[in-house]
Protein chains: 4
Amino acid sequence: MGKRQDIMAATLDLIHEEGLQSVTFSKIFKKADVGSGTIYNYFSNKEELVNAVYKEARMLMGEYMLQGYDSTASLYERFKCLQLNRLHFGIHYPKEFLFIDSFSFSPYISPELRNMDDSRNSVEVVLSLIVEGQKQGLFKEMDTHLCHQFIHGIVSSILKGYYVRKYPLNESQTQQVLESSWKALLV
Amino acid sequence: MGKRQDIMAATLDLIHEEGLQSVTFSKIFKKADVGSGTIYNYFSNKEELVNAVYKEARMLMGEYMLQGYDSTASLYERFKCLQLNRLHFGIHYPKEFLFIDSFSFSPYISPELRNMDDSRNSVEVVLSLIVEGQKQGLFKEMDTHLCHQFIHGIVSSILKGYYVRKYPLNESQTQQVLESSWKALLV
Amino acid sequence: MGKRQDIMAATLDLIHEEGLQSVTFSKIFKKADVGSGTIYNYFSNKEELVNAVYKEARMLMGEYMLQGYDSTASLYERFKCLQLNRLHFGIHYPKEFLFIDSFSFSPYISPELRNMDDSRNSVEVVLSLIVEGQKQGLFKEMDTHLCHQFIHGIVSSILKGYYVRKYPLNESQTQQVLESSWKALLV
Amino acid sequence: MGKRQDIMAATLDLIHEEGLQSVTFSKIFKKADVGSGTIYNYFSNKEELVNAVYKEARMLMGEYMLQGYDSTASLYERFKCLQLNRLHFGIHYPKEFLFIDSFSFSPYISPELRNMDDSRNSVEVVLSLIVEGQKQGLFKEMDTHLCHQFIHGIVSSILKGYYVRKYPLNESQTQQVLESSWKALLV
DNA sequence: GATGAATGAGCTTTCATTCAT
DNA sequence: TATGAATGAAAGCTCATTCAT
């Protein structure tokens, strides 16, 4: 049955609307329209629920990241594909994106989960692309994980402004963001 | 005496150490070494306290951003000054920087506060510098707020790595960051 | 189970024993033998609880007032029935009677509640009996509500003495009260 | 200086407006426009303050009760004078009257104060008038204190209705109230 | 005397969790 | 499984009282 999904969806909605610190179980129960005891059939406590929501969001993002990814394309093309997917994911799944972004460094999320790779290993794909770029002498010689965070952080920053309607993200702006983030990586 | 400052400092420390969602008043009282009722002489509730801490951090950063800013210097020099100040602020005030970065887009912070300008209008200075660069045909014709988010995001990403990995940010690496963000804006 | 009733009964007891201003929730919890959170399943705050207790007392008194009331009996018989019921209610439900008497004009009780009529409209019955007596030329042409307050006041005074002095209210004294209040209304 | 009076007046006002249970020192300080420590120069705690306010109200009422009292007049005239004064006191000093009425039986007021007689011994005057009426065989043979409470209670009941604007108290209604309370006492 | 910032005991209230149904 | 009334530890908050100025 969909109770588990209902609960997780309600939780994500509430985190997005009010922030984790003001999400309570009773709000979740009302929003998910389940009884207050039901949650304990699926999650043994709040932390486990939040971690499950985090994991699902990461899985979804991982899936999205590799859409249309062609491993035979040029480095630039592949980079653009990944960054475009990252940006589009943020545009289409703002709740998931922001949740991941906010809690990836939070003690609330277990370290194993934070460092997880998803079913399609999207993180690995990004990391090896970075290594490839560095080997070609194109990219700056930074720690790869740091580099990963760098290209994620730029998109994240752009999206946050977009979320609060500081600016639109049309085709041309999007292209410029991709270009800029590429340039920022170059030696 | 500075009870108000003590309370705000303790609050910022705790948010930094444990995250907002696990900051309680009793932790604040103990850390600030004040009586439990004292806080209510200064803040009528928790949200007001957190917003006050946010506002102060923003003021501090705004102040810092314009240190040594010479409005008669060249565009590149002025850009470097601002970005360097941004980076140094993050290095010297990690708690303040991370708090601003995390909560600027949180529902916990009131929108008026998010869009506040500080006493010295540092945000305006950055935005007009971007406009100037675009008028000279140097910078891409992206939305100015987007550009602002972009260059902030680069510094933010670098700093987060710095905070976690504790690698040094020496002269050459600092220069790389400045160059990366400058390049990202260029046509 | 009757947790709601337990809470209300404990509240009434405590108000009677110590006065509203010294009734705390923790005293109520202990007396009612319920957990501290339980009350909030039934009442959203203290004022609501006290008002509910007041309303219930008023309902009970209204019910009691019309016991054995025969609308076909003579005016005097009907008057005696009502006053006797009023007196007996006070004797059998001292806590309820005193609570109503003390708080009917208190700012703690909402005006709508003060002016409520109970399920059987006992107030209306009394008022129309007074009108009837006035039409027959028996009763003084005083405002009907004033008359009502008057005959209530007599019973109330007697009862307060009874509560404090613990003197018996035997048949002859009861008759005196009824006669006094009847006489007070006569032209 | 008038600080003491200011504090007492503010206290009485607040008790009247919100009921004793919601009167706090900080409300008193604001209303009386004095510093929060000032009260302790005059009263050693809250109970003492409330008792002082009670005492003053009783003194005022005692004074008022004997206005125009002619000890050589007839029993009926003297009775009417006292009851009229009682009623008028209630009309002109509603805050004082209600406060006395509510707290005369409260544990908050010390027993000595409750049983005090005022400077002009108005309570004694009423009691001896009752005794006189009983000796003449006019009044019912009730305990004199109970009888006192009876005639007070009737006026009190009438006034409470008046306070909530259930009816006006003009000259003719007033006369009828006096007559009715006289009749209620008769054998 | 007059003040009001500081206090902390104790109050109200919340909320994750349990458990009988 | 699904429920929601009941719980109580812990949170937020109030307020009489103190004390240095």
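By convention in this document, chain letters (A, B, ...) are assigned in the order of the sequence lines, proteins followed by strands, and residues within each chain are numbered from 1. In what follows, every heavy atom counts, from backbone to side chain, and hydrogens, waters and symmetry copies are set aside.
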Taken to the nearest whole Å, CG/C/N41 to C1'/F/dT3 is 14 Å
Per-nucleotide protein contact along nucleotides 13-21 of chain E, 5' to 3', at a 4.0 Å heavy-atom cut-off (B base, S sugar-phosphate only, - neither), is BBSSBB---
Whole-Å distance, B/I28 CD1 to E/dT7 P, equals 15 Å
The complete set of salt bridge (Lys or Arg N to Asp or Glu O under 4.0 Å) pairs with one or both residues in residues 47-56 of chain C, sequence neighbours excluded, reads none
The side-chain contact (heavy atoms from CB on, under 4.5 Å) partners of A/D33 (sequence neighbours excluded) come to none
Atom CG of C/L49 and atom C1' of E/dT12 are separated, to the nearest Å, by 13 Å
Residue set satisfying salt bridge (charged side-chain N to carboxylate O under 4.0 Å, His left out) with A/K31, at least two apart, ordered chain then number -> A/E17
Taken to the nearest whole Å, CG/A/D6 to P/F/dT3 is 10 Å
C/A32 meets the side-chain contact (heavy atoms from CB on, under 4.5 Å) criterion, sequence neighbours left out, with C/D6, C/I7, C/A10, C/V34
Separation of F/dC13 atom P from B/Y42 atom OH, nearest Å, is 18 Å
Any side-chain heavy atom of A/K3 sitting closer than 4.5 Å to one from A/Y42?
yes
From NZ of B/K30 across to P of E/dT7 the rounded distance in Å is 15 Å
Atom CD1 of C/I7 and atom P of F/dT7 are separated, to the nearest Å, by 9 Å
Sequence neighbours excluded, the answer for ring pair (Phe, Tyr, Trp, His ring centres under 6.0 Å) partners of B/F43 is none
Here the distance between atom C1' of E/dA5 and atom CG of B/D33, to the nearest Å, is 15 Å
query = Judged by atom type as modelled, is there a donor-acceptor pair below 3.5 Å linking the side chain of D/R114 to the main-chain atoms of D/S106?
reply = yes
Please table the atom pairs, donor to acceptor, closer than 3.5 Å between any side-chain atom in residues 95-105 of chain A and protein atoms at least two apart or in another chain.
unit_1: A/K95; atom_1: NZ; unit_2: A/D13; atom_2: OD1; d: 2.6
unit_1: A/D101; atom_1: OD1; unit_2: A/H152; atom_2: NE2; d: 3.0
unit_1: A/D101; atom_1: OD1; unit_2: A/S156; atom_2: OG; d: 3.1
unit_1: A/D101; atom_1: OD2; unit_2: A/S156; atom_2: OG; d: 3.1
unit_1: A/D101; atom_1: OD2; unit_2: A/K160; atom_2: NZ; d: 3.0
unit_1: A/S102; atom_1: OG; unit_2: A/L98; atom_2: O; d: 2.7
unit_1: A/S104; atom_1: OG; unit_2: A/Y54; atom_2: OH; d: 3.1
unit_1: A/S104; atom_1: OG; unit_2: A/I100; atom_2: O; d: 2.6

In DNA chain F, stems of three or more consecutive pairs, Watson-Crick or G-U, each with both distances under 3.5 Å, turn out to be E:2-21 with F:2-21
Contacts of A/Y108 meeting ring pair (Phe, Tyr, Trp, His ring centres under 6.0 Å) (sequence neighbours excluded), chain-then-number -> none
